[in-house]
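In the text below, chain A, chain B and the rest are named by the order of the sequence lines, each starting its count at 1.
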2 protein chains.
Amino acid sequence: MAATEIAVTISDAEWRVMRIVWTLGQADSRTIIDLLEQQHDWKAATIKTLIGRLVKKGALATTKDGRQFIYTPNIDEQTAMDTALQTELDQMCAMHRGTALAHVLEQTELSRNDVQELLDVLNKKLATAPAEVACDCLPENCERSCE
Amino acid sequence: MAATEIAVTISDAEWRVMRIVWTLGQADSRTIIDLLEQQHDWKAATIKTLIGRLVKKGALATTKDGRQFIYTPNIDEQTAMDTALQTELDQMCAMHRGTALAHVLEQTELSRNDVQELLDVLNKKLATAPAEVACDCLPENCERSCE
DNA sequence: CCCTTTCGTTTACAACTGTAATCTTAATTT
DNA sequence: AAATTAAGATTACAGTTGTAAACGAAAGGG
């Protein structure tokens with residue numbers, strides 16, 4: 001029954017809300033609003049809108065608690081992150097993805113464990129890595145290639 | 001004078017157009033339309049709109065060639081890729097970025113050179129990598145932490 | 001010189017986003 | 001009980017995006 005965690009699309013502003021709820025595990029609107037008002041120049045009404053949209057999209061679940069709601073994540077944070085990143089990368093030229101990832105890795109702060117995790121993945125790939133990955137920007141039959 | 005390559009935002013559909021032009025180096029609308037019609041279910045009019053928007057945004061430059069235009073990229077492909085990926089990653093929890101990158105690396109086809117390039121970056125980072133990267137989803141003063 | 005094709009521009013239109021005010025209703029306070 | 005506050009729902013509104021038709025001008029074919 002694979003949790004109906006179909007591809008919910010979360011907008012940039014909505015990500016901010018999700019991050020709060022993911023981090024706290026659950027939260028009522030007051031908490032979410034208080035925290036976000038500290039991070040952004042958003043009015044309470046704006047945050048309420050975002051929460052509402054996330055509920056409608058199915059990214060947040062609600063549990064009635066007396067007069068108000070408790071919001072909980074309905075989708076997994078790591079999964080959402082992986083998917084968003086993968087989707088972004090997949091729309092770019094296959095030939096340059098590796099370099100893009102290298103550049104991003106370089107700019108990203110990583111813990112020793114992260115680095116180790118990444119090294120492991122790469123070492124495992126080394127064995128079967130192809131000599132090169134072709135550009136996939138043009139239609140199949142087109143023999144043009146990128147430089 | 002650093003090419004006025006300020007942050008142009010390219011939408012998903014527009015990326016498809018840019019990829020064609022990046023790959024060919026330059027192209028007239030006929031070429032772009034022909035190639036994209038093979039990859040997508042887009043009408044010529046749709047592609048024209050996308051080209052028009054990219055020109056207006058400054059992502060494509062035009063050179064008059066008789067009656068029509070020759071379009072050339074006004075922004076660098078690799079830079080655009082790096083930036084888009086970085087921007088996406090930066091809006092996610094710092095603590096989980098490493099894992100997200102590992103998952104994406106795993107799914108991405110990489111050439112031997114790519115893998116090597118990535119290994120180099122990581123090995124260089126290993127020395128100074130912190131024991132851990134803290135979650136940055138909550139406001140500063142908030143001592144809550146993710147698990 | 002007309003007809004047709006082609007190219008770029010203008011207009012269209014709904015969905016999604018960022019940003020927020022207002023309204024309803026229930027709860028809290030005096 | 002009356003007044004105030006808080007929570008969620010409704011409405012707003014402009015800009016971006018996906019998707020495309022229509023239009024005007026120029027070029028090419030007869």
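In the set D:dT19, D:dA7, C:dC7, the nucleotide with an atom closest to the side chain of B:Thr46 is D:dT19. Taking every side-chain heavy atom of B:Leu50 into account, D:dG18 is the closest of C:dG18, C:dA20, D:dG18. In this structure, the nucleotide among C:dT19, D:dA7, C:dT9 sitting nearest to the side chain of A:Arg53 is C:dT19. Among the nucleotides C:dC7, C:dT17, D:dA20, the one closest to any side-chain atom of B:Trp42 is D:dA20.
Rounded to whole Å, atom C1' of C:dA21 lies 14 Å from atom CD1 of A:Ile33. As a whole-Å value, the separation of B:Ile70 CD1 from C:dC7 P is 12 Å. Distance, B:Asp12 CG to C:dA15 P: 19 Å, rounded to whole Å. Rounded to whole Å, atom C1' of C:dT10 lies 10 Å from atom NZ of B:Lys56. As rounded to whole Å, 16 Å separates atom C1' of C:dA12 from atom NZ of B:Lys43. For B:Ile51 and C:dG8, the CD1 to P distance is 7 Å, given to the nearest whole Å. Rounded to an integer number of Å, the gap from B:Arg67 CZ to D:dG29 P is 10 Å. Spacing between atom NZ of B:Lys64 and atom P of D:dA26 amounts to 10 Å, rounded to whole angstrom units.
Contact annotation: A:Lys57 side-chain N/O to C:dT17 OP1/OP2 distance is under 4.0 Å. Considering only side-chain N and O atoms, B:Tyr71 lies nowhere under 4.0 angstrom from the phosphate OP1 or OP2 of C:dC7. Dashed line: the shortest gap from a side-chain N or O of B:Ser29 to OP1 or OP2 of C:dG8 is under 4.0 Å. Regarding contacts with the backbone of D:dA7, a side-chain N or O of A:Arg30 is found under 4.0 angstrom from either OP1 or OP2. Residue A:Ser11 places at least one side-chain N or O closer than 4.0 Å to OP1 or OP2 of C:dG18.
Using a 4.0 Å heavy-atom cutoff across all strands shown, B:Asp41 reaches sugar-phosphate atoms only and no base atom. Among the atoms of the strands shown, none is found under 4.0 Å from any heavy atom of B:Asp28.
When the shell of 6.0 Å around NZ of B:Lys64 is examined, it contains more than 12 heavy atoms from other residues, nucleotides or ligands.
Evaluation of atom-type donor-acceptor distances gives a pair under 3.5 Å for the side chain of B:Thr49 against the base of D:dA20.
Ranked by how close their nearest DNA chain C nucleotide is to the 5' end, A:Gly66 and A:Ile47 are led by A:Ile47.
The list of ring pair (Phe, Tyr, Trp, His ring centres under 6.0 Å) pairs with a residue in residues 42-86 of chain A, not counting sequence neighbours, reads A:His40-A:Trp42.
Under the rule for a side chain to side chain donor-acceptor pair (under 3.5 Å), the partners of A:Gln78 that lie at least two apart in sequence or sit in another chain are A:Asp82.
A donor atom on one side chain and an acceptor atom on the other are not found under 3.5 Å apart for B:Thr87 and B:Asp90. With hydrogens and angles left out, the side-chain atoms of B:Asp114 and B:Ser111 include a donor and acceptor closer than 3.5 Å.
Expressed to the nearest 0.5 Å, how far CD of B:Glu14 lies from CZ of B:Arg53 amounts to 7.0 Å.
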